[in-house]
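Working notes for the structure below.
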Protein chains: 2
Amino acid sequence: MLHKNADDIRQTLEDEIASGEHAPGTRLEELVLAKRFGVSRTPVREALRILSASGLIELKPRKGATVAPLSLERLVEMFEVMAEMEGVCGTIAARRMTTSELTFLRHQHFICAEAAQSGDADHYYAENARFHALIYAGCHNEFLIEEVQRLRRRLQPYRRLQLRLKGRIADSFAEHQAIVEALDAGEEEAAGRLLKAHISIQSHRFADWVSGLNATRLVPETT
Amino acid sequence: MLHKNADDIRQTLEDEIASGEHAPGTRLEELVLAKRFGVSRTPVREALRILSASGLIELKPRKGATVAPLSLERLVEMFEVMAEMEGVCGTIAARRMTTSELTFLRHQHFICAEAAQSGDADHYYAENARFHALIYAGCHNEFLIEEVQRLRRRLQPYRRLQLRLKGRIADSFAEHQAIVEALDAGEEEAAGRLLKAHISIQSHRFADWVSGLNATRLVPETT
DNA sequence: TATAAGACTTATGTATACAGACACGAAAGG
DNA sequence: CCTTTCGTGTCTGTATACATAAGTCTTATA
């Protein structure tokens, strides 16, 4: 892992944080990272600045960088925004998706069916992501897509957890079915409402799950 | 303007870009900025990285920083997302605003009335911003507020333009009236729909205005 | 005259050096 | 034995130095 440039380092750290490799609250020391990547502190610092701007890490003056410690409240807030934005995507996609885009979506839905039957959570997770990506694309709003995916990425480790809960995969797939039908019929309101609910459930399940613990700080799944 | 630190520099540049002082497409050279702020290139570079992460500037390797050149398409996309997010804020605020928050909102609405009658676009702009900020606060979702305000900030120079259009201030105020009533009555759907429309109008007027020019690149008002 | 190749200039990317702040620990005093 | 204070070390913030790539201008040749 030697001699990466600043952008490689940012990418690597981003992936590692998003995947939960660095738990929230973990201290990230410049010298340590510099040694690890085989570079000087300069590119490391620049990578950290960028990550701080996108909210993945917290950067306190003279106190260094820590992986953004997400409180339960904030996580719930983020899930709420995620659900709303997905709903918006659904509403817009319902009136903008082309017939060929709808064909692709139905095809992906079919693939999700197979993944769901296999029972492999990771497999379903991947195909599920593709399914949603197709809906995003159907918005024909690049900016919206970027924003949603940025948020989706930040919530990734916490979302992934959901699909491991009993029965969630089957439910998720059933919801997809309704969403596909709404999009197919061009029913804006329904598509938006269903997608929002689809994501909200993750949030509710998440809250249920976490209320079982007495933790105010959450440690995501370390894949 | 001598001897600022990296964060001061970021703040200053952010303000200057948001206010349109640096037109989109303008090149930002590290050495020039360093001289101007009386520091070395190091803090300037870090400020630029952060600005690039928040989308205000574009940072191409070996090609330096340019103020993000917003294409017309992208600007329209951003306005669309802005409208949707405001709508979401309205929906949520309608069911979460406390009576005291509603009192404050009505009070601010009254102040907007005075500003509207004065005919001073800048004055109305400022009070209008406070009005919307109160609705944001009514969401009780800090994360959503941060995201909306980030976007609002980026669109600031283009939004400001709208209020100078003939009759826009009166229309805007009338729309506020309906929004206040919906929030007061706790009508989620209406509040969301009205707020979304309120912002969408800016987008439409903007598109109308810009279609008069044959420009693909836009230069915001340099206040 | 136009075009292409090569040197030169300039700006970015990275490394290193230095200064200062914060944290931890040891030692002294109560 | 506990508390407080001072010293030392470590990490961050900034400056400067060096390497390299992109762009430009000049010059030579067709």
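To find a chain, count down the sequence lines: A is the first, B the second, and so on, and within it residues start at 1. Predicted model, so just to flag it, every value in this text is computed and none were measured.
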Between [X] ([atom1]) and [N] ([atom2]), how many Å, whole number?
X	N	atom1	atom2	value
A:K35	C:dT14	NZ	C1'	17 Å
B:E46	C:dT14	CD	C1'	13 Å
A:I57	D:dT12	CD1	C1'	13 Å
A:L33	D:dC11	CG	P	12 Å
A:F37	C:dG13	CZ	P	19 Å

| field | Atom of A:Y124, atom of A:S172 and distance for their closest heavy-atom approach | value | OH-OG, 2.8 Å

| note | By side chain to side chain contact (heavy atoms under 4.5 Å, CB included), B:A137 pairs with (sequence neighbours left out) none

| Of A:R106, A:R96, A:H140, the residue whose pairing with A:E101 passes side-chain hydrogen bond (donor to acceptor under 3.5 Å, both in side chains) | A:H140

| said: Is it true that A:E127 and A:H109 share a donor-acceptor pair across their side chains at a distance under 3.5 Å? | reply: no

| query | Would you say A:S40 reaches C:dA15's phosphate, i.e. side-chain N/O to OP1/OP2 under 4.0 Å? | reply | yes

| query | Yes or no on side-chain contact (heavy atoms from CB on, under 4.5 Å) for A:I9 and A:L33, after CA distance, side-chain angles and deciding distance? | reply | CA-CA 9 Å; A:I9 294 168; A:L33 294 172; 6.0 Å; no

Collect all protein-nucleotide pairs involving nucleotides 8-12 of chain C in which both atoms are nitrogen or oxygen and the distance is under 3.5 Å.
unit_1: C:dA11; atom_1: OP1; unit_2: B:E29; atom_2: OE1; d: 3.2
unit_1: C:dT12; atom_1: O3'; unit_2: B:R62; atom_2: N; d: 3.4
unit_1: C:dT12; atom_1: O2; unit_2: B:R62; atom_2: NH1; d: 2.6

| query | Under 30°, 30 to 60°, or over 60°: which ring-plane class applies to A:H132 and A:H176, parallel, tilted or perpendicular? | reply | perpendicular

